[in-house]
Trainee: 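What follows is a structure written as structure tokens; I'll ask about it next.
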Protein chains: 4
Amino acid sequence: MPKINKAHYDARKKQIISAADTCFSNKGIHQTTMHDICRQAQLSIGAVYSYFDSKEQIIAQIAQEALKRNLEMISGVDKLTNSREKLFELADVFFGMLEETGDHSVRMDIGLWSAALINDEVHKAVLEIMKRHTEVFTKIVRAGQDKGEIDKSVKPESVAMVMISTFKGLVLQKGIYGKVDVQGYVDTIKKMMKGLLNEPQV
Amino acid sequence: MPKINKAHYDARKKQIISAADTCFSNKGIHQTTMHDICRQAQLSIGAVYSYFDSKEQIIAQIAQEALKRNLEMISGVDKLTNSREKLFELADVFFGMLEETGDHSVRMDIGLWSAALINDEVHKAVLEIMKRHTEVFTKIVRAGQDKGEIDKSVKPESVAMVMISTFKGLVLQKGIYGKVDVQGYVDTIKKMMKGLLNEPQV
Amino acid sequence: MPKINKAHYDARKKQIISAADTCFSNKGIHQTTMHDICRQAQLSIGAVYSYFDSKEQIIAQIAQEALKRNLEMISGVDKLTNSREKLFELADVFFGMLEETGDHSVRMDIGLWSAALINDEVHKAVLEIMKRHTEVFTKIVRAGQDKGEIDKSVKPESVAMVMISTFKGLVLQKGIYGKVDVQGYVDTIKKMMKGLLNEPQV
Amino acid sequence: MPKINKAHYDARKKQIISAADTCFSNKGIHQTTMHDICRQAQLSIGAVYSYFDSKEQIIAQIAQEALKRNLEMISGVDKLTNSREKLFELADVFFGMLEETGDHSVRMDIGLWSAALINDEVHKAVLEIMKRHTEVFTKIVRAGQDKGEIDKSVKPESVAMVMISTFKGLVLQKGIYGKVDVQGYVDTIKKMMKGLLNEPQV
DNA sequence: TATGAATGAGTCTTCATTCAT
DNA sequence: CATGAATGAAGACTCATTCAT
């Protein structure tokens with residue numbers, strides 16, 4: 001197994017995942033056949049099956065890719081010292097992403113939520129991402145409360161869940177409406193966040 | 001078709017939809033076969049097909065039923081005069097429902113979001129429900145702004161979308177986590193709403 | 001489920017098994033496709049699958065049918081009192097059957113031996129038939145020994161196994177050669193049996 | 001192709017056949033894939049296909065190897081002068097082999113019988129071996145009859161077939177039962193052979 | 001109208017075989 | 001000669017839908 005093969009192998013896998021990604025978000029996971037993926041990837045069925053054991057495995061892999069992409073968004077927020085800044089920064093990062101990204105990942109995400117209710121691997125991946133995001137938000141809120149910046153009467157975990165909801169909910173609405181006013185949405189959320197902050201409101 | 005048959009006809013339809021509802025939320029829409037529905041409804045395949053032309057149509061019908069159920073929740077909120085009360089009342093109604101309801105409708109909802117991306121009928125139904133909810137919230141917020149109770153710098157539509165997100169997002173998280181702390185969640189949202197209210201905070 | 005359905009159901013099952021029987025002995029079990037069986041049975045694939053869950057199950061059923069046919073051959077031998085007569089009678093019955101039967105059941109049998117090495121259900125059926133036959137022969141030999149008609153120095157079970165071998169071996173040779181001299185074969189076996197009998201040989 | 005390559009060529013072929021042999025008797029002929037054979041032989045698919053044109057050809061070759069092994073067993077029996085001794089010697093050789101050999105060749109043999117019904121090459125090989133064995137036995141019996149040692153009323157060919165049946169039948173029973181009492185079996189056969197011998201029985 | 005047996009297009013998956021490197 | 005990635009025909013099986021009774 002020379003190193004060329006390893007690179008080649010990875011490239012092919014990526015090629016297949018990418019094709020599957022396209023198909024899944026276009027037609028939905030269930031409506032996508034293995035032939036669809038092959039056609040999209042310009043590969044034969046046999047080739048695809050030599051990289052993945054089953055359609056299920058491809059779906060699981062896709063879920064994990066989405067997970068990875070989502071987690072990368074959060075990195076780098078921790079270095080900020082002020083709670084308000086951190087929360088606002090996170091809002092900008094999360095929602096900003098939604099404007100750049102096409103319908104593609106929005107449809108993919110919604111499809112995965114549904115798939116998670118059926119497929120264990122997918123559920124694991126989706127659960128993982130939610131937990132991680134929850135942890136990050138929870139930590140920020142807790143720190144803010146310790147420093148007296150954030151209202152101590154709210155549960156940090158609950159705040160985290162609401163934050164996540166505002167993001168996932170916007171994803172859903174973008175999926176259904178096709179187009180959404182992200183800027184207005186973010187402005188509103190920032191205003192609402194002030195309800196949690198102890199700082200003097202100018 | 002005499003009226004007696006009409007009653008019978010409606011009863012049968014309800015019976016089928018109810019069976020489909022159960023199956024869909026248990027196994028997912030795609031994993032449910034027409035035979036599953038027949039078994040659950042204690043009817044023959046032929047019978048089911050004399051009430052619905054296709055599985056698609058049953059799915060669409062289910063989406064509309066869910067729509068109806070959701071819309072009923074809102075009625076009666078308009079009679080309240082105070083914006084804060086209205087919003088808080090809505091929060092209680094919406095989220096309170098989530099505690100009573102089992103996983104059932106949660107799974108159904110998530111499944112429908114995904115189905116809406118594929119199936120036009122379902123999309124129409126889901127879109128309709130979102131629009132209606134948005135309208136109600138928008139109206140309340142706009143009224144509040146007119147009366148000076150709510151911060152005029154936010155877009156009423158955006159506030160509505162955030163409200164909807166907090167609900168849909170919780171549905172999603174309940175679907176994924178299995179169990180969620182609804183009370184803490186509602187408390188947090190109420191606190192955040194204050195960020196939008198101009199009233200003196202006691 | 002009216003009784004007509006039960007009769008219809010059984011008839012269809014028999015129809016399918018019969019078709020499978022034909023195909024299996026013509027082309028071999030592995031070379032026979034479900035489509036072959038359907039074509040032979042003049043039924044659609046869906047129809048066949050509503051009577052049998054899988055190809056494996058059809059194979060197992062075939063094995064059991066063969067088992068039943070084989071067991072019926074033995075019934076009625078026990079009423080004879082003399083050991084020599086019993087053994088000779090059994091030889092006539094067993095081998096006589098081979099002349100009547102076409103290549104069909106011979107090929108089927110050989111195929112099942114091989115299938116038994118792979119498929120558990122088939123193995124169970126083939127094992128069962130062998131055990132039953134062994135028991136019958138063993139009982140006869142043991143009774144003969146008790147009455148002093150048969151040489152006591154041989155193990156009854158071993159005699160039974162040899163008997164069975166002479167039958168299965170002839171099945172095999174008929175399968176391979178196509179045609180065999182059954183009469184000469186039976187004569188030889190009868191002569192050899194005398195080697196086990198204590199009676200005075202005229 | 002220089003001779004060194006010839007040696008190399010033969011070694012590779014043997015290596016492949018040996019691997020196939022192992023696989024076939026472990027999983028059955030049909031359940032064995034070309035990849036299984038390659039893995040077992042530690043060779044690439046391409047390599048295997050440069051020595052054999054197809055899987056069929058490997059199967060045929062295996063059948064011929066089995067043939068060769070079986071024929072070697074008989075050589076050397078002819079030098080004995082007494083018919084009884086010859087037959088007894090053959091019995092010892094044939095059945096003794098069964099005790100040494102593992103399930104391996106037993107499963108292989110049974111598989112080949114079944115394959116012979118389908119595959120012409122295999123059929124030719126199996127037929128050939130049976131004919132040769134029959135010839136040897138027939139010759140011995142005929143010689144015995146000429147010398148007055150064996151009952152002249154039996155057909156030599158039929159005796160030969162019975163002999164072969166006792167061996168093949170035991171192979172089958174070992175395959176199905178897993179374990180058999182070879183010694184008791186051989187004892188019984190020797191006793192039965194006396195039914196064919198004219199010699200005074202001590 | 002009700003039934004459920006029958007249909008068959010469509011799905012996932014396997015595996016013998018080829019061929020560019 | 002060797003390699004093993006790629007091919008794609010073929011197989012088992014599912015399930016929405018039809019239709020004779």
Side-chain angles (χ1 to χ4, degrees), chain A residues 1-2 4-5 8-9 11-12 16 30-38 41-59, chain B residues 1 5 8-9 12 30-39 42-59, chain C residues 1-2 4-5 8-9 11-12 16 30-38 41-59, chain D residues 1 5 8-9 12 30-39 42-59:
Chain A
M1 305 151 202
I4 280 189
N5 283 349
H8 181 254
Y9 179 85
R12 277 276 187 270
I16 292 165
H30 293 288
Q31 285 69 29
T32 295
T33 70
M34 289 302 278
H35 275 99
D36 288 335
I37 297 176
C38 294
Q42 306 253 54
L43 284 171
S44 69
I45 294 218
V48 169
Y49 270 94
S50 68
Y51 291 96
F52 294 94
D53 288 345
S54 65
K55 188 183 174 184
E56 290 267 293
Q57 204 173 94
I58 293 180
I59 297 171
Chain B
M1 300 169 203
N5 283 352
H8 181 252
Y9 180 84
R12 277 273 189 271
H30 293 289
Q31 284 67 33
T32 295
T33 69
M34 290 300 275
H35 275 98
D36 288 335
I37 297 175
C38 295
R39 206 175 308 122
Q42 307 251 50
L43 285 172
S44 69
I45 295 222
V48 170
Y49 268 93
S50 66
Y51 292 99
F52 293 94
D53 287 347
S54 67
K55 188 183 175 185
E56 290 268 292
Q57 207 173 91
I58 293 180
I59 297 171
Chain C
M1 304 153 202
I4 278 189
N5 283 349
H8 182 254
Y9 179 83
R12 277 276 186 272
I16 293 165
H30 292 289
Q31 285 68 29
T32 295
T33 70
M34 289 303 276
H35 274 97
D36 289 334
I37 297 175
C38 296
Q42 306 252 55
L43 284 171
S44 69
I45 295 217
V48 170
Y49 269 95
S50 68
Y51 292 97
F52 294 93
D53 287 345
S54 65
K55 187 182 173 184
E56 289 266 293
Q57 204 175 92
I58 293 179
I59 298 171
Chain D
M1 301 165 202
N5 283 352
H8 181 251
Y9 179 84
R12 277 272 192 273
H30 294 289
Q31 284 68 33
T32 295
T33 70
M34 290 300 275
H35 275 99
D36 288 333
I37 297 174
C38 294
R39 206 175 307 123
Q42 308 253 50
L43 285 172
S44 69
I45 296 223
V48 169
Y49 268 92
S50 66
Y51 291 99
F52 293 94
D53 288 345
S54 67
K55 188 184 175 184
E56 291 266 293
Q57 207 173 91
I58 294 180
I59 297 171

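Reminder, nothing fancy here: chain letters follow the sequence lines and each chain counts from 1. The structure presented is a predicted model; accordingly, all values stated were derived computationally and were not measured. The figures here come from the full heavy-atom set of this structure, side chains too, leaving out hydrogens, waters and symmetry mates.
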Trainee: Which is true for B:Ser50 with a 4.0 Å heavy-atom rule: it touches a base, it touches only sugar-phosphate, or it touches nothing?
Mentor: sugar-phosphate

Trainee: Could you check how far CD1 of D:Ile37 sits from C1' of F:dG4, rounded to whole Å?
Mentor: 17 Å

Trainee: Can you name the closest pair of heavy atoms from B:His30 and B:Lys55 and give their distance?
Mentor: O-NZ, 3.9 Å

Trainee: Specify the closest pair of heavy atoms between B:Ser50 and B:Ala47, including all atoms of both residues, with the distance to one decimal.
Mentor: OG-O, 2.7 Å

Trainee: What does B:Tyr51 touch in the nucleic acid at a heavy-atom separation under 4.0 angstrom: a base, only the sugar-phosphate, or nothing?
Mentor: sugar-phosphate

Trainee: Any idea which of E:dA6, E:dT13, F:dT17 is nearest the A:Lys55 side chain?
Mentor: E:dT13

Trainee: So, for D:Val48 and D:Met34, which heavy atoms are closest and what is the spacing to 0.1 Å?
Mentor: CG1-CE, 4.0 Å

Trainee: If you check the A:His35 side chain, which of E:dA6, F:dT14, E:dT13 turns out closest?
Mentor: E:dT13

Trainee: C:Arg12 or D:His30: which one's nearest nucleotide on DNA chain E is closer to the 5' end?
Mentor: C:Arg12

Trainee: Which nucleotide in the list E:dT13, E:dC12, F:dT17 gets nearest to the side chain of A:Thr33?
Mentor: E:dC12

Trainee: Would you kindly give the CD-to-P distance between B:Gln42 and E:dA2, to the nearest whole Å?
Mentor: 16 Å

Trainee: With a cut-off of less than 4.0 Å, is there a side-chain N or O of C:His8 near OP1 or OP2 of E:dA6?
Mentor: yes

Trainee: Hey, which sits more toward the 5' end of DNA chain E by its nearest nucleotide, A:Gln31 or C:Val48?
Mentor: C:Val48

Trainee: Nearest to the side chain of A:Ser44, heavy atoms from C-beta on, is which of E:dT17, F:dT7, E:dC12?
Mentor: F:dT7

Trainee: Closest-nucleotide mapping onto DNA chain F: is C:Asp53 or B:Ser54 further toward the 5' terminus? I mean the 5' end.
Mentor: C:Asp53

Trainee: Between F:dT14, E:dG4, E:dT17, which nucleotide gets closest to the side-chain atoms of C:Ile45?
Mentor: F:dT14

Trainee: Can you measure A:Phe52 atom CZ to F:dA5 atom P for me and round it to whole angstrom units?
Mentor: 15 Å

Trainee: Distance check needed: E:dT13 P versus A:Ile59 CD1, whole Å only.
Mentor: 9 Å

Trainee: Roughly, in whole Å, what's the span from CD in A:Gln57 to P in E:dT13?
Mentor: 10 Å

Trainee: Please report the closest heavy-atom contact between D:Gln57 and D:Tyr51, naming both atoms and the distance.
Mentor: OE1-O, 4.3 Å

Trainee: If I take atom SG from residue B:Cys38 and atom OH from residue B:Tyr49, how far apart are they, to the nearest 0.5 angstrom?
Mentor: 8.0 Å

Trainee: Starting at CG of B:Leu43 and ending at C1' of E:dT3, how long is that distance when rounded to a whole Å?
Mentor: 11 Å

Trainee: Round to a whole Å and report the spacing from OH of D:Tyr9 to P of F:dA2.
Mentor: 11 Å

Trainee: Grab the two heavy atoms, one from D:Asp36 and one from D:Gln31, that are nearest each other, plus how far apart they are.
Mentor: OD2-O, 3.7 Å

Trainee: Quick check: on DNA chain F, is the nucleotide nearest B:Tyr49 upstream (toward 5') of the one nearest C:Thr32, or the reverse? Name the residue that is more 5'.
Mentor: C:Thr32

Trainee: Quick one: look up who F:dA5 pairs with, Watson-Crick or G-U, both distances under 3.5 Å, and put none if it's unpaired.
Mentor: E:dT18

Trainee: Out of E:dA6, F:dA12, E:dA2, which has the shortest distance to the side chain of C:Ala47?
Mentor: E:dA6

Trainee: Just the rounded figure in Å: distance from C1' of E:dT17 to CD1 of D:Ile58.
Mentor: 12 Å

